[in-house]
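Scroll down for the structure; my scribbles are underneath it.
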Amino acid sequence: MAAKRFLDDSDQDNNGDKRMRPTSRPSFASVIGEVVMVKNLQNLFSGLEPLLRRVVNEEMERVMGHCVPRSITRSPSLRIQALEQPTSYELMFEKKLMPTIFTGSRIVDTDGNPLRVVLVDKSGGQTVRTSLPHPIKLEIVVLDGDFPSNSDNNESWTSEELNNRIVKERTGKRPLLTGELNLTMRDGIAPIEDIEFTDNSSWIRSRKFRVAVRVVPGTNQTVGIREGMTEPFIVRDHRGELYKKHHPPMLNDEVWRLEKIGKDGAFHKKLSREGINSVQDFLKLSVVDGQRLRKILGAGMSERMWDVTIKHAKTCEKGKKYYVFRGQNFTIFLNSICQLVKAEINGQGFPGSELSNFTKSYMEKLVREAYTRWNDLEEIDEALLTQGESMEQIPNNLGVAYDQNEYYASTHNAQIGGSEWGVNATFGTTSFVNNALPALPYSFSDSQSDSDGATRWN
């Protein structure tokens, strides 16, 4: 009964009205908590406001792009154009890089020039150089050499996929790529003056790197621009560059820069003992006496190795310097590797195709003598050699057919090219200079004419 009365009393008073319990005052801590909560909400809304504005603007532009007339969409606004069609703009390295790069060395293209990034437009199925009316902020990154993978289409990747394949330095190492990594493209061109690797590429699975260029993330670009990248390449430690072979070799390169001749190796030591220290020394002896050169290298160099070395040496640029050997009644002109390119006897020049066998023997001895006195020869430029005549007049072949009857008929008064050459018949077997000639073995039957018009003997 007491419980029933309590329920009845709590439901209503004598007048049938509900009872109102007095409320307690809020605590100071709860007031402070509510103030902090309101402040946090205000900060949150302040932070969301720029994002919301951007979302609203993008939605408005998207709606306007579908609703405005076609004539308006042809306005010069790059933003509207970008919204209408997929991007056709792409970054591209102007030239390829060297297939092997060394750490600590400036990265250059195959011509040895600094790299350049250009902007191209691939719309219409063609690649055309182009530019934008405003500067573009770019950055250089390093990618794994096998990106995109072999199963992927090399022309298809997303920015997210590229970002996931960016290679960073190893733990405890310096930044993998250093130098001018942030660029500004103006007029569609961005030169890269100085970048270099600090670590080799042997520690990643593909053993190769790529260099990629992209628009700096977060840059407010009016058009989309696709990333560009180089071909895969190997990065070796700079210590390997000390033993690097040069392609093509230079005349003044040390002889061990040639293929199959190792630095301080057996072949290098053999050549050094004979005074053959440079690529030019090697080529001169190969022209004058190839058999002697082959004998110096010895049996340790197989025929295959010999062919590789000679082929590599022949790629050397001979330059535009020529050397003159003068005597009492002759002047001969040689190129930088002792090949005969021109001869004058008693002031008369002779095309090589009209030289008799007797005359060739004489020329042979002149070239051998010039070889032994190389440091005393007069050096001239190509312009002086060809002054007043065309290159076709320079002798280009001493290995012509030999007619024995013509030989004996011409010993006293040789008729060459319709002009007389008054030289005593005994000059071919006697010394024509003050000192006797060295006995160097030649074989004119094996004489050859190079493509540049110079003659060589083996």
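Everything numeric in this text was worked out from a predicted model, so none of it was measured.
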Are the side chain of [X] and the backbone N or O of [Y] linked by a donor-acceptor pair below 3.5 Å?
X	Y	answer
D111	N113	no
H312	E259	yes
T198	P175	yes
D307	I310	no

**Message:** Is it the case that over 12 heavy atoms from other parts of the model lie below 6.0 angstrom from the CD atom of Q126?
**Reply:** no
**Asked** Above 12 or not: heavy atoms from other molecules or residues under 6.0 Å from NZ of K137?
**Response** no
To the nearest 0.5 Å, how far apart are [atom1] in [X] and [atom2] in [Y]?
X	Y	atom1	atom2	result
K260	T309	NZ	OG1	7.5 Å
D253	H246	CG	NE2	5.0 Å
L132	L119	CG	CG	5.5 Å
R210	S201	CZ	OG	13.0 Å
I166	L143	CD1	CG	6.5 Å
R106	D194	CZ	CG	6.5 Å

**Request:** Please lay out, stage by stage, how L297 and L271 fare under the test side-chain contact (heavy atoms from CB on, under 4.5 Å).
**Result:** CA-CA 7 Å; L297 293 170; L271 293 170; 3.8 Å; yes
Are side-chain heavy atoms of [X] and [Y] found at a separation under 4.5 Å?
X	Y	value
V215	L138	yes
M229	L162	yes
K295	D289	no
V213	V211	no
R170	D199	yes
D109	E94	no
L183	M185	no
L366	L340	no

**Request:** Could you point out which residue of E139, E227, E90 forms a salt bridge (Lys or Arg N to Asp or Glu O under 4.0 Å) with R214?
**Result:** E139
Tell me the closest heavy-atom pair linking [X] and [Y], and the distance in Å.
X	Y	result
D281	G275	OD2-O, 3.7 Å
H247	K245	CD2-O, 3.7 Å
P148	W157	CG-CE3, 4.1 Å
L251	L283	CD2-CD1, 4.4 Å
K208	I204	O-CD1, 2.9 Å
V279	M250	CB-O, 3.4 Å

So that I can tick it off, tell me whether [Y] and [X] are bridged by a salt bridge, with the cut-off set at under 4.0 angstrom between side-chain N and carboxylate O.
X	Y	result
R294	E303	yes
R165	D146	yes
D381	K321	yes
E382	K318	no

**Request:** Check the angle between the aromatic planes of W306 and F282 and answer parallel, tilted or perpendicular using the 30° and 60° thresholds.
**Result:** tilted
**Request:** May I ask you to decide if the ring planes of Y323 and W374 are parallel, tilted or perpendicular, using 30° and 60° as cut-offs?
**Result:** tilted
**Request:** Could you walk me through whether N200 and R236 pass side-chain contact (heavy atoms from CB on, under 4.5 Å), step by step?
**Result:** CA-CA 5 Å; N200 62 69; R236 300 188 187 279; 5.6 Å; no
**Asked** Mind checking what makes salt bridge (charged side-chain N to carboxylate O under 4.0 Å, His left out) contact with R207, not counting sequence neighbours?
**Response** none
**Member of Y371, F330, F333 meeting the ring-ring contact (aromatic ring centres under 6.0 Å, His included) criterion with F325** = F330
**CA sep, side-chain torsions, deciding dist, call: K122, M92, side-chain contact (heavy atoms from CB on, under 4.5 Å)** = CA-CA 11 Å; K122 291 190 173 182; M92 179 180 294; 4.1 Å; yes
**Item:** Check against side-chain contact (heavy atoms from CB on, under 4.5 Å), F93 and V117
**Value:** CA-CA 5 Å; F93 287 87; V117 177; 3.9 Å; yes
**Request:** Apply side chain to side chain donor-acceptor pair (under 3.5 Å) to D187 and S131, showing your working.
**Result:** CA-CA 5 Å; D187 300 325; S131 63; 5.4 Å; no
